[in-house]
Amino acid sequence: MAQATARHILVDSEAKCEELKKAIEGGQDFAEVAKQHSSCPSGRNGGDLGSFGPGQMVPEFDKAVFNSELNTVIGPIKTQFGYHLLEVTSRS
């Protein structure tokens, strides 16, 4: 079964998500931005979600994780939890 590792940042607005994406693309460290801004408990760990397989995350997240480029900031992705920035760090 496929597996991926990823990290994410969860915020409550699309505008905030876009602002943080620009900051990361401008050179800020993804993990530091996650620690400062993510409302998910994973933010304390730089947004690290660990390893997971298809179907273990919400459908919008799954689609992005298993179909996007590695090590690229993806988003905003809207889920029932809010707006996410996502970076897939590995996939097998």
Side-chain angles (χ1 to χ4, degrees):
M1 178 167 63
Q3 288 285 302
T5 58
R7 54 190 184 169
H8 83 131
I9 298 169
L10 175 63
V11 294
D12 61 1
S13 77
E14 189 172 7
K16 183 68 172 179
C17 210
E18 289 285 3
E19 175 188 324
L20 297 177
K21 184 176 184 177
K22 285 181 182 151
I24 294 164
E25 288 173 341
Q28 287 194 7
D29 182 65
F30 190 102
E32 285 304 313
V33 173
K35 287 176 186 175
Q36 292 172 19
H37 299 282
S38 185
S39 61
C40 181
S42 70
R44 290 190 300 270
N45 299 323
D48 186 15
L49 296 170
S51 180
F52 53 91
Q56 291 185 274
M57 300 290 181
V58 293
E60 303 90 340
F61 219 77
D62 248 22
K63 183 179 177 185
V65 167
F66 291 99
N67 293 294
S68 60
E69 287 186 44
L70 294 178
N71 303 307
T72 302
V73 179
I74 305 148
I77 299 167
K78 186 179 187 331
T79 70
Q80 74 258 34
F81 302 107
Y83 293 86
H84 306 258
L85 290 179
L86 174 66
E87 183 183 46
V88 182
T89 53
S90 73
R91 191 170 41 232
S92 60

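Residues Met57 and Val65 form no side-chain contact, since every pair of their non-hydrogen atoms from C-beta on lies 4.5 Å or further apart. Looking only at side-chain heavy atoms (C-beta outward), Thr89 and Asn71 come within less than 4.5 Å of each other. You'll find the side chain of Arg7 stays beyond 4.5 Å of the side chain of Ser42, heavy atoms only.
A salt bridge links Glu19 with Lys16: the closest approach of a Lys/Arg side-chain nitrogen to an acidic carboxylate oxygen falls below 4.0 angstrom.
Between Phe52 and Phe66, the closest heavy-atom pair is O-CZ, 3.9 Å. The shortest non-hydrogen separation linking Val88 to Ser68 is CG2-OG, 3.7 Å. Closest approach of Met1 to Pro54, counting heavy atoms only: CG-CD, 4.0 Å. Here the closest heavy-atom approach between residue Pro76 and residue Glu14 is recorded as CG-CG, 3.9 Å. In this structure, Gly43 and Ser38 approach most closely via the heavy-atom pair CA-CB, 4.0 Å. Listed here is the closest heavy atom pair of Gly53 and Asp62: O-OD1, 4.2 Å.
Around atom CD of Glu69, no more than 12 heavy atoms belonging to other residues, nucleotides or ligands sit under 6.0 Å away.
A distance of 10.0 Å separates CZ of Phe30 from CG of Asp48, quoted to the nearest 0.5 Å. Note that CG of Leu86 and CG of Leu10 are 11.5 Å apart. Values are rounded to the nearest 0.5 Å. Here OG1 of Thr79 is found 6.0 Å from CD of Glu60. Values are rounded to the nearest 0.5 Å.
At distances below 3.5 Å, not a single donor-acceptor pair connects side-chain atoms of Asp12 with backbone N or O atoms of Gly82. Looking only at distances, a side-chain donor or acceptor of Asp29 sits under 3.5 Å from a matching main-chain atom of Glu32. Not one N or O on the side chain of Lys21 forms a donor-acceptor pair closer than 3.5 Å with the backbone of Leu85.
Counting only N and O atoms by type, the side chains of Ser51 and Gln3 include a donor and acceptor under 3.5 Å apart.
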Would Ile24 and Ile9 count as a side chain to side chain contact (heavy atoms under 4.5 Å, CB included) here? Give the steps. CA-CA 11 Å; Ile24 294 164; Ile9 298 169; 3.8 Å; yes
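Leu20 and Tyr83 fall within a single hydrophobic cluster, where Ile, Leu, Val, Met, Phe, Trp and Tyr are joined by side-chain heavy atoms under 4.5 Å apart, directly or via other members. Transitive grouping of hydrophobic side chains (ILVMFWY, heavy atoms separated by less than 4.5 Å) keeps Ile74 and Val33 in distinct clusters. Hydrophobic clustering, with ILVMFWY side chains joined whenever heavy atoms are under 4.5 angstrom apart, keeps Val11 apart from Val58.
Note on ring orientation: taking the six-membered ring where Trp is involved, the planes of His84 and Phe61 are perpendicular (angle over 60°, cut-offs 30° and 60°).
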